[in-house]
Every structure is written in C-alpha cells, then in structure tokens.
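Below: one structure in structure tokens.
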Amino acid sequence: MNDFTEAHRISSLLEYTQTYDRSIKDPEKFWSEIADSFTWRKKWSKTLEWNFKDPNVKWFVDGKLNITENLLDRHLEDRGDQVAILWEPNDPNEKGQSITYKELHAKVCQFSNTMIANGVGKGDRVIIYMPMVPEAAVAMMACARIGAVHSVVFAGFSSSALADRINDCEAKMVLTADGNFRGAKTIDVKGLVDEALEKTTSVEKVIVYQRTKTDVKMKEGRDIWWHDAIMNMSDQHDAEEMDSEDLLFILYTSGSTGKPKGVVHTCGGYMIFTYYSFLNVFQYKPRDIYWCTADVGWITGHSYIVYGPLLAGATTIMFEGVPTYPDAGRFWEVCDKHKVNQFYTAPTAIRALQAHGLEPVQKHKLDTITVIGSVGEPINEEAWHWYHEHIGKGKCPLVDTWWQTETGGIMISALAGITPNKPAHASLPLPGIQPIIVDADGNELEGNNVEGNLCIKHPWPSILRTTYGDHERCRQTYFSTYKNMYFTGDGAKRDHDGYLRILGRVDDVINVSGHRMGTAEVENAIDEHPKVVESAVVGFPHDIKGQGIYAFVIAETDGIEEEIRQTVKKMIGPIAKPDHIQLVSGLPKTRSGKIMRRILRKIASKDTDNMGDTSTLLNPEVVEEIIKGAH
Ligand code: 6R9
C-alpha cells in the first residue's frame with residue numbers, strides 16, 4: 001500500500017523543531033507544499049490573503065477542488081478494499097459494519113444523487129440530525145460532494161435547539177432517523193424533528209434513515225424514508241467543483257452569552273489542516289485502527305472521526321453507544337475487539353469510568369493501543385495519571401489536544417511519541433501555529449514562566465472564516481479584544497520548560513484579594529480529596545476580597561467540607577480555600593460534557609431570577625436542586 005502520508009509525518013523531535021521553525025518563517029510556503037500533494041481541479045493563485053481587522057482570511061485563493069475527491073476517489077486505487085469506517089453499534093450483540101473505501105465512495109455518490117433528486121444543490125444548507133450510524137458520515141460527505149453546506153446538530157439536542165439552528169441557517173433539508181439507541185434508552189428523534197419543524201418554514205424535504213424501527217409519522221410530500229429515496233439512484237457521481245473558500249459546513253457552538261453561533265469552515269484550508277494534524281498528533285500509520293469516541297455532532301467528530309482520518313486514508317471507528325453500556329468496560333471491550341491502535345476520548349469520560357474502579361479495565365488486554373488522546377477540557381492530573389497508567393499501561397504517549405470549534409483542528413498538543421509528554425500540559429504548538437500569551441492589555445509575555453490570555457497571531461488554514469449570517473459577531477468575539485490577534489477565550493501558562501498548559505476559559509478566572517486563580521486549579525486541588533468525585537468552582541462577589549470562591553462538589557459522603565478546605569489549603573495555599581462548599585448530586589452539563597459555569601456563577605451570585613436557557617443541558621433538573629441548597 002502506497003504510504004502517501006509518509007512525507008508529511010514528522011518522525012523525530014529534531015524534525016519537529018526544524019519543521020516548526022520552517023513553518024513559522026514562511027507559513028505560506030509550508031502549507032502550500034502540503035497542499036500540493038492533494039487533488040485540485042485548479043491550483044490556487046495565491047496561498048494566503050488575510051487581515052484580522054475585518055477579519056478576512058482566505059487560503060489557497062482561487063483554488064478549485066472537491067474535498068470528497070480527496071477523501072474517497074483518491075484512495076480507490078491504493079486502498080479501495082481497505083476498511084474506511086468500522087461501525088460499532090450501541091448493543092454489543094448486534095452485528096457491526098465494515099465499510100471499505102470503495103463501498104463508502106459508492107454510498108456517498110448514491111446519496112449525492114439522492115439529495116440532488118430531492119432538490120438540494122450547491123450552497124443550500126442541510127441539517128444532519130442523526131444517530132452515530134455510518135449514514136451520518138455518508139450524509140456529511142454527500143453534502144460536501146454536491147456543494148451543499150452541512151450543519152450537524154447533535155441528536156441529543158432538544159427540538160427547540162434544533163429549530164433555532166434550522167432557522168438561523170435557513171436549511172432546506174433535514175437528514176434524520178426514526179430513533180436513536182443510546183445505552184438502555186431509545187430517543188424519539190423523528191418526533192423531535194416534527195416538533196422543531198412546527199417552528200420553521202424553510203425545510204422542504206426530510207429524509208429519514210430507519211434505525212430503531214420505531215413507529216413514526218411521515219408527512220406526505222415532505223418526509224421520505226432513506227431506503228426508498230436511494231432506491232434506483234446511481235452510485236456514480238461527478239463531484240461539484242468548489243472554490244477553496246466555498247463553505248464546507250456550519251457548526252453551532254455556544255458562546256458565553258446569547259444564542260449559539262454558527263462557526264463557518266471552508267473547503268480548502270480545513271482539508272489541509274485536519275489531514276496534517278490528524279497524521280502528526282496521532283502518528284497514524286497505514287493499517288492502524290483509530291478510534292475517536294466523540295459524536296459527529298461536535299467539531300471533534302467532524303475533524304477527527306470523518307474528515308482528518310479519511311483524508312489520511314485511515315480506518316476510523318464510529319461508535320453508536322455510550323461508555324457505560326452495557327457496563328463500564330464497553331470502551332475497553334471495543335478496543336480489544338477491533339484491535340484499536342489510537343484511542344481518543346474526553347476527560348469527562350475518563351473520570352466517569354475511573355469512578356467505576358479498575359475491574360472493568362482489567363478484564364481487557366488493551367495491548368494493541370499505542371497512543372491515547374484527550375480533548376474537550378483541561379485534563380486534571382489525577383485523571384491524566386489514571387488514563388496513562390491503566391489504559392496507556394504507563395507506556396503509551398498521552399496526547400492532550402487543545403483546540404476549539406473555531407480552530408477547526410488541533411492547535412497545541414504533543415505529537416505522540418515524538419515530542420515529550422507532560423501531565424496536564426497540551427505542551428507544544430503544531431507546525432504553522434503561533435500561539436502567544438498576552439497580558440490584559442494585549443502585551444505579549446515572552447519567555448518561560450508566564451501566564452495570561454491565549455491568542456494566535458497568524459492565521460492557520462482551518463481558522464473560522466465567519467459566524468454564519470453575522471460577521472460582526474465573529475469580529476467582536478474573536479478579533480476585537482486584542483489588536484491583530486485571534487483571541488481564544490482561554491488562559492494559558494508557559495511553564496519553566498516552555499510547555500503550554502491550558503488553564504481553562506478566562507471568563508472563569510477568579511481574582512481573590514488580588515490573587516488570580518484558575519478555577520481548574522482550585523478544582524484540581526479539591527479533586528485530590530479521596531472522597532470527591534467531581535467539582536466546579538466559580539467566583540462570586542465578596543465584600544472584602546473582591547471575589548470569593550464557591551465550590552460545587554459531588555462527593556461520596558457528607559460532612560467533608562472542612563476536610564476539602566484543608567486539602568485545598570495544602571495543595572495551593574490558604575488563599576484558595578473555598579468560602580462556600582455546596583455538596584450536590586450533579587453539576588449542570590452541556591451534552592458534550594462541559595460544566596455550564598454560567599449557571600453556577602448565577603447561583604453563587606444569588607442571581608437566580610433569570611437563569612437563561614437551560615434547555616440544552618444534559619441534566620436540567622439538577623439546577624433546581626442546586627438553587628435550593630445554595631448559600
Ligand atoms: C475541541 C473542542 C473548546 C474549548 C476550549 C477550551 C476547552 C478543549 C482542551 C481544552 C484544555 C484541552 N478545551 N480541549 N482545554 N485542554 N486539551 O473541545 O472544541 O467544544 O469548541 O471547546 O474547550 O476551553 O476553548 P469546543
């Protein structure tokens with residue numbers, strides 16, 4: 001098998017350093033050399049055009065391509081019979097699927113023809129609200145092939161969240177399923193779509209994939225079964241010619257305020273960066289089996305289940321289920337069953353599994369794993385060590401990958417086994433990425449042992465281009481805080497060795513008597529108490545100190561508040577001791593597992609009259625309980 005990726009895979013620390021230096025000296029030359037190895041219908045005339053004032057960023061200007069020719073057609077000759085997608089269903093007793101590149105190509109072409117026959121064309125927006133079945137990935141790629149803009153909405157979102165997104169992008173079509181198997185539950189997906197469509201007017205057709213065989217209502221003239229729609233459709237399709245800067249997708253993500261923003265990514269740059277970052281961070285080699293446990297409803301699923309891996313000709317696993325069904329050993333069972341080499345998950349999953357003890361892990365060999373990864377939030381040291389020791393068996397590199405929906409791909413991370421690992425440190429930037437740490441006035445803090453706000457000072461190929469329908473919001477949110485820089489919203493520290501550690505959102509920074517602290521830092525300390533399961537810390541107005549510390553803690557037993565204070569005192573110092581500790585049964589979380597601090601801040605500040613939108617929470621019921629028990 002031709003290893004076309006070899007030329008782009010960095011294979012030593014020295015090579016990393018040299019490549020990084022080269023990429024910073026001449027970013028355009030660096031990225032254009034990588035882009036050169038892709039299939040383009042027409043080569044770009046200019047590599048980069050940019051300013052961060054408007055902002056306006058264009059990569060591979062005037063280049064023409066179709067990303068699916070690089071995802072699929074390009075691989076047919078060399079790896080047509082290799083498995084592209086390995087699908088593992090929710091129920092371990094149900095048979096999974098192995099779909100080769102040849103088969104995937106045929107499915108995508110067939111569905112491209114199906115969408116066209118149902119009135120969708122270049123530039124139209126299509127909502128994908130589907131379970132984790134291969135058809136969800138087929139749907140994404142078929143959109144890309146015909147030039148439609150997909151917007152995947154996580155199938156766990158409510159009907160009103162779905163309606164907001166449909167309305168914001170004025171989607172013409174919805175691709176969905178009858179239902180969704182999630183652990184022991186079955187979710188009535190089609191019912192939610194029907195509800196959402198009562199609040200929208202733009203959708204003309206709904207194509208429904210049959211998954212759960214649930215009884216659903218099909219609206220005459222609007223709804224069609226997937227299996228009926230694809231019948232008699234050809235599996236040959238000539239991909240639409242797209243401009244580098246044509247929209248590839250919109251993905252909605254929550255800001256700290258207001259309605260979700262539609263982050264826009266475009267074809268050319270996103271393609272190059274997801275490919276390159278996937279290859280290097282995970283050190284993927286031909287024939288490896290790679291598994292990212294995310295849902296395609298999140299950016300991680302877009303970039304590192306579908307686009308990055310398939311661009312690199314990888315075998316990528318799609319998992320329909322949840323980590324604890326039928327038991328807490330499911331991830332590890334799947335790793336053994338499919339002989340997984342690279343495993344990529346979120347700290348929240350690790351902590352949940354850690355709470356079940358070692359027995360579910362020890363039942364499995366996990367001897368094929370060579371790389372483990374983490375994404376989504378800062379990984380606390382305790383979870384890092386558990387993951388490294390028990391899943392990585394103390395020998396696999398653990399890549400802590402920092403990035404965002406807006407960055408499109410991994411920005412700061414170790415390259416597995418190439419650059420050094422340091423617990424809880426995302427560590428070093430990828431080639432082409434220029435992170436800087438600035439103080440509140442935007443002055444760059446150079447050298448080591450500095451802490452401040454994390455910005456990026458030069459565009460990379462997969463930087464967001466706009467927020468859909470509201471460019472001003474994009475400018476304000478990311479490009480107005482500091483002049484000529486992309487502001488990430490995260491705080492970061494460069495330690496004495498020059499490694500970057502992400503401290504969490506700066507909107508979460510608390511300032512107690514003039515001492516600045518990361519909420520994650522206090523949480524890490526609290527979590528050191530052996531009876532603590534999870535904690536969330538926010539600041540609240542304090543008459544004397546400016547801000548006080550309020551800790552919401554899930555613990556195994558009552559009556560340990562004072563012990564927790566002592567633990568924090570021991571870990572950080574008396575200044576970090578929480579003023580209030582409230583033991584709770586759960587923390588309000590988004591469906592991607594992030595704690596909704598906005599809500600906790602309001603509770604801690606006794607500002608509970610208007611809690612804002614809690615409908616997208618995983619566990620909205622916990623909010624009432626916390627309000628009742630608050631100080
Ligand atoms: C990929 C993704 C982005 C925010 C980001 C940061 C946090 C993500 C992290 C991390 C520390 C990591 N974050 N990865 N913090 N270490 N390895 O999660 O995108 O959902 O847009 O979230 O998540 O705070 O700003 P998204």
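Order of appearance sets the numbers: ligands from 1, and atoms from 1 within every ligand.
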**Residue pair Thr370 / Asn341, side-chain donor-acceptor N/O under 3.5 Å** =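 Note: Thr370 and Asn341 side chains miss the donor-acceptor criterion.
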
**Request:** Would you please say whether a donor-acceptor pair under 3.5 Å links the side chains of Arg9 and Thr5?
**Result:**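 Per modelled atom types, Arg9 and Thr5 side chains form a pair under 3.5 Å.
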
**Request:** Report the relative orientation of the aromatic rings in Phe479 and Phe52; use parallel for angles under 30°, tilted for 30 to 60°, perpendicular for over 60°.
**Result:**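 Ring orientation of Phe479 relative to Phe52: tilted.
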
**Prompt:** Is there a nitrogen or oxygen of Lys594 sitting under 3.5 Å from a nitrogen or oxygen of ligand 1?
**Reply:**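 Yes, there is a polar N/O contact under 3.5 Å.
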
**Request:** Can you label the angle between the Tyr486 ring and the Trp460 ring as parallel, tilted or perpendicular, going by 30° and 60°?
**Result:**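 Because their plane-to-plane angle is over 60°, the rings of Tyr486 and Trp460 count as perpendicular.
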
**Request:** Provide the number and element of each atom of ligand 1 under 4.0 Å from a heavy atom of Thr300.
**Result:**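 Heavy-atom distances to Thr300 below 4.0 Å select 1 (C).
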
**Message:** Checking contacts here: is it the side chain or the backbone of Ile502 that comes within 4.0 Å of ligand 1, counting heavy atoms only? Could be both or neither.
**Reply:**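 Contact part for Ile502 vs ligand 1: side chain (C-beta onward).
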
**Item:** Proximal ligand 1 atoms for Ile299, defined as those under 4.0 Å from one of its heavy atoms
**Value:**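 Near Ile299, meaning under 4.0 Å from one of its heavy atoms, ligand 1 has 1 (C), 19 (O).
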
**Request:** Could you check Ile369 against Cys335 for side chain to side chain contact (heavy atoms under 4.5 Å, CB included), going step by step and ending with a plain yes or no?
**Result:** CA-CA 8 Å; Ile369 300 182; Cys335 282; 3.9 Å; yes

**Asked** Do Tyr270 and His302 get their side chains close enough for a donor-acceptor pair, meaning under 3.5 Å?
**Response**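 No pair is found: no donor N or O on one side chain lies under 3.5 Å from an acceptor on the other.
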
**Message:** By the definition side-chain contact (heavy atoms from CB on, under 4.5 Å), identify the one residue from Tyr550, Phe552, Phe540 that meets it with Leu600.
**Reply:**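 Exactly one candidate clears the test, Phe552.
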
**Prompt:** Under 30°, 30 to 60°, or over 60°: which ring-plane class applies to Phe331 and Phe319, parallel, tilted or perpendicular?
**Reply:**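 Perpendicular.
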
**Request:** Starting from atom 5 (C) of ligand 1, locate the nearest protein heavy atom and write down its residue, its atom name and how far away it is, to 0.1 Å.
**Result:**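 For atom 5 (C) of ligand 1, the nearest protein heavy atom is Asp490 OD2, 3.1 Å.
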
**Item:** Where ligand 1 meets Asp400 - atom numbers and elements under 4.0 angstrom, heavy-atom basis
**Value:**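 Heavy-atom distances to Asp400 below 4.0 Å select 12 (C), 16 (N), 17 (N).
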
**Item:** Sub-4.0 Å atoms of ligand 1 with respect to non-hydrogen atoms of Thr401
**Value:**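 Result: 9 (C), 12 (C), 14 (N), 17 (N).
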
**Request:** Answer yes if the side chains of Tyr284 and Gln342 hold a donor-acceptor pair under 3.5 Å, and no otherwise.
**Result:**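 There is no such pair (donor and acceptor under 3.5 Å, judged by atom type) between the side chains of Tyr284 and Gln342.
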
**Prompt:** Starting from atom 12 (C) of ligand 1, which protein heavy atom do you reach first, and at what distance in Å?
**Reply:**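 Answer, as residue, atom name and distance: Glu377 O, 3.5 Å.
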
**Asked** Which atoms from ligand 1 have a heavy atom of Val375 less than 4.0 Å away?
**Response**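 Those atoms are 1 (C).
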
**Asked** Of all the non-hydrogen atoms in the protein, which one sits nearest to atom 2 (C) of ligand 1, and at what distance?
**Response**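 That would be Trp403 O, 3.7 Å.
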
**Message:** For ligand 1 and Gln404, I'd like to know whether there is a polar contact (N/O to N/O, distance under 3.5 Å).
**Reply:**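 Checking ligand 1 against Gln404, an N or O pair does fall under 3.5 Å apart.
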
**Item:** Protein contact of atom 11 (C) of ligand 1 - nearest heavy atom, named by residue and atom, plus distance
**Value:**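 Checking every protein heavy atom, the shortest distance to atom 11 (C) of ligand 1 gives Pro378 N, 3.1 Å.
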
**Item:** Closest protein heavy atom to atom 21 (O) of ligand 1, given as residue, atom name and distance to 0.1 Å
**Value:**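 Nearest neighbour among protein heavy atoms for atom 21 (O) of ligand 1, to 0.1 Å: Thr405 OG1, 2.6 Å.
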
**Request:** Give a yes/no on ligand 1: does Gly376 have at least one heavy atom closer than 4.0 angstrom to it?
**Result:**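 So Gly376 counts as touching ligand 1.
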
